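A, B, ... follow the sequence lines: proteins, then strands. Residue 1 opens every chain. Being a predicted model, the structure only gives us computed values, none of them experimental.
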Amino acid sequence: MNKITIFVLILLAAGFLRFYQLATIPAGLHGDAASQGYNAFSLMHTGKDRYGQSFPILFRSFGSYQPPLYTYLTIIPISILGTTVFAARSISAISGVILVLITYLFIYLFFDIKNKFTLAIIASLLVAISPWSVFFSRLSVEANLALTIFGLSILLFTASLKRIFLFPLACFILGICSYAYYSEGLIAFVFLPIFIGLFRKAFSEGKRWIILGLAVFIIIQIPNLLILNSGALTRRFDQVSYIENVFQGENLTNNLVNFCKIFLKNYLIYFSPKNLFFNSDSILGRTMPELSVFYSWLLIPFILGIRCLFRLEKTSSFKIIGLLLLITPIPAALTGDIFYPLRTLDLLWIMTLIIAIGIYSFYRLIKHNIVKILLFGSLILYSFFSLFISYFILFKYEKAESYGYSYIKLMDKLTSYKDKHIIIDSARDLGIGMRLAYLKRYDPKKMQEMLRPQLKTPYYSNVINTDEIYIIDNIEVKILDWHDTCKENKIFVGDHLAISEGNVEEHKLKPEFEVYTLSKDISLRGYSTQPLERPKEKCPKLKL
Amino acid sequence: MLIIYAVLILAISLANFWIYRIIQINLFVGIFLIAESILLFLSTLFPRLKILTALTFILLSFLCAYLITFYFDKNIFLISDIETQKIGKRHEYYATDLGKIYKNRIGIFYFNNLRLYIGHLGNNLFSSLDFPSKYPIIFSFLFIAGLYNLFININRKSTIYFLAALLFSSFISFESKFGAILLFPFVNLCIATGLLKLLGILK
């Protein structure tokens with residue numbers, strides 16, 4: 001079997017793991033994904049987002065801002081496939097496959113070792129089947145797109161060490177990262193000067209290219225600079241970071257010491273073997289049931305890989321991987337969440353490369369091909385099996401509600417109530433309205449007219465209201481107002497926290513339907529109002 | 001020289017809260033762990049003194065046997081109420097999606113029992129790797145330096161010790177909050193090695 005065939009098979013495996021049942025697993029559509037999808041749909045038809053903002057630099061959404069690149073790229077699949085769950089996730093899935101290619105090229109072109117093809121194949125295969133890569137490729141997450149772009153920039157930066165004219169292009173790609181996801185945007189600013197300093201000898205005869213590259217990087221940031229004073233760019237950081245809380249005290253020294261302690265603790269957590277190779281969704285909340293970000297057996301190759309890396313000390317590969325290993329956890333370590341893989345996909349990618357080096361070093365020790373085939377074949381099969389059980393079965397059923405599955409099933413139920421005014425409670429899920437609007441292809445102009453007046457602050461602002469009301473055809477999405485129970489022809493929809501048994505009894509609501517989760521628990525209930533059944537004093541304005 | 005190094009490792013073994021808490025629970029185990037730290041360190045520094053190596057692993061075997069006998073983690077093979085509820089729910093999922101692969105004796109035993117036992121062992125194993133922060137913070141830099149040195153100049157003794165201690169720690173529950181006590185000598189070895197490396201005594 002020749003080299004290209006092997007690599008094509010790996011790409012096909014990567015594609016299969018990312019696209020197989022992409023529309024149905026995860027079951028449902030996350031509010032953020034619906035927001036990206038609907039904004040893309042709105043841009044496609046009107047050149048404006050759902051608030052009527054023309055080609056935004058950041059997309060205002062649910063109390064924060066979404067980086068723009070993913071949304072703009074989503075226009076492409078939506079224009080081809082329509083407003084479907086598959087289209088909303090496509091860009092992330094495609095990014096995941098491209099990352100496999102980038103990994104192969106990075107190793108094959110820049111690792112100066114014997115049998116670099118074998119190492120490149122191992123690395124690309126690992127990226128293709130790693131739980132973290134498959135998991136995040138199947139979600140509509142900007143971070144996965146950002147990782148691919150960042151990986152491409154690293155490829156170009158490494159190439160520029162020998163072909164300096166590539167440096168400006170690498171800076172261009174790196175600059176785009178800041179529009180893909182916040183973590184990569186911050187890493188870009190840390191990486192660039194350190195990279196130049198680390199390889200200053202290699203760049204000493206091409207200073208014009210370096211200056212050009214820096215100029216390109218700065219020019220790319222102009223749109224961000226235009227909104228810097230508005231507070232929008234730092235809004236997300238303010239939401240998730242602990243820095244403001246730490247520096248509330250008057251004693252600066254104490255504050256700095258506390259900050260260092262918290263930062264160091266949060267930073268080192270991303271290197272915890274338990275978090276990387278063992279802990280799964282029930283504790284971390286960001287991977288899948290019974291499987292961590294890496295397969296457990298990869299701990300041993302990881303340790304071997306670290307050792308091999310130390311032995312490559314003076315090579316440029318070691319310097320780049322070492323640099324990335326140190327700086328990629330920084331953005332996540334500045335936030336309050338304990339071990340949040342989504343913010344450190346770059347770190348996970350680098351660790352995958354290190355693990356590949358470890359596997360490669362072990363692979364070379366084995367002399368007999370039959371032993372290699374049996375051992376690695378078994379491990380790969382076991383890994384596929386674990387991934388299938390954890391993701392395609394357990395994750396599908398147990399996490400369906402986290403992705404609003406019930407609200408998609410609700411849409412089918414509501415087709416029988418077209419003559420009623422439906423009111424859906426949005427207290428615990430801000431994305432309900434967007435989900436409905438996206439899947440129903442609601443007119444973007446009507447949406448803009450509905451949402452723009454509800455903005456209580458300028459579009460780009462550090463203060464954002466989230467109390468939005470969506471009215472899509474006969475469906476209203478808002479926090480339930482019990483005064484509405486005095487009106488006829490209404491259907492209230494909510495979970496057991498929104499509409500308790502006490503509420504049902506007090507407001508004389510009549511059960512209409514139930515919506516079930518994938519695991520066959522009742523998730524939502526629909527009740528019709530019966531104002532005539534209520535005491536007169538409860539509904540004084542009711543006309544008979 | 002042997003005595004100086006022995007005093008050094010003894011000092012490191014006593015300069016942390018971990019050993020005192022272990023001694024509070026079981027003086028016997030505490031003393032043997034200190035002795036093991038000294039033996040492991042000296043056998044690493046003086047590889048030609050085979051008696052030290054032999055004593056290190058004899059003592060390790062004794063400690064493992066003692067801890068397995070009196071502190072065996074019975075929870076490895078117990079299924080908690082929460083796990084039982086989970087199994088009940090997941091039975092439907094597996095039955096629907098796996099069909100006959102699940103619906104047989106081996107399948108049911110694997111998914112409802114074996115995977116849980118392996119998970120409990122894995123939990124113990126990985127918890128052992130999160131070394132408890134019972135040492136003064138300065139020791140963490142020495143620990144990293146020592147670990148790096150052992151990494152680069154792979155020492156078979158310390159590697160075998162580490163792997164054996166890790167493996168047996170998966171089966172032991174010695175007051176869970178005190179971490180994997182069998183790794184105590186290895187941690188001390190790393191700290192001592194880091195210190196010697198820093199002082200330029202070790203190459």
Close side-chain approach of B/Leu98 to A/Phe388, heavy-atom, < 4.5 Å: yes
Flag if over 12 foreign heavy atoms under 6.0 Å of NZ, A/Lys396: yes
Heavy atoms of other groups near B/Ile101 CD1, more than 12 under 6.0 Å: no
Proximity breakdown for A/Leu518 and chain B, heavy-atom pairs closer than 4.5 Å: neither
A/Glu398 side chain reached by B/Lys89 side chain, heavy atoms, under 4.5 Å: no
B/Phe77, CZ atom: more than 12 neighbouring heavy atoms under 6.0 Å: yes
Euclidean distance, B/Ser140 OG relative to A/Leu264 CG, rounded to 0.5 Å: 8.0 Å
Rounded distance (nearest 0.5 Å) linking atom CD of A/Glu290 with atom CZ of B/Arg90: 4.5 Å
More than 12 heavy atoms of other groups within 6.0 Å of A/Leu497 CG: yes
Interatomic distance, A/Leu394 atom CG to B/Tyr93 atom OH [nearest 0.5 angstrom]: 8.5 Å
Whether A/Phe385 and B/Tyr110 hold their rings parallel, tilted or perpendicular, with breakpoints at 30° and 60°: tilted
Nearest-0.5 Å distance that lies between atom CG in B/Leu125 and atom NZ in A/Lys274: 10.5 Å
Over 12 non-hydrogen atoms of neighbours within 6.0 angstrom of CG in B/Asp81: no
Atom CZ of A/Phe392 with >12 non-hydrogen neighbours under 6.0 angstrom: yes
Test log, rule side chain to side chain contact (heavy atoms under 4.5 Å, CB included), inputs B/Phe126 and A/Asn275: CA-CA 9 Å; B/Phe126 283 95; A/Asn275 285 333; over 6 Å; no
A/Leu381 atom CG: more than 12 heavy-atom contacts under 6.0 Å: yes
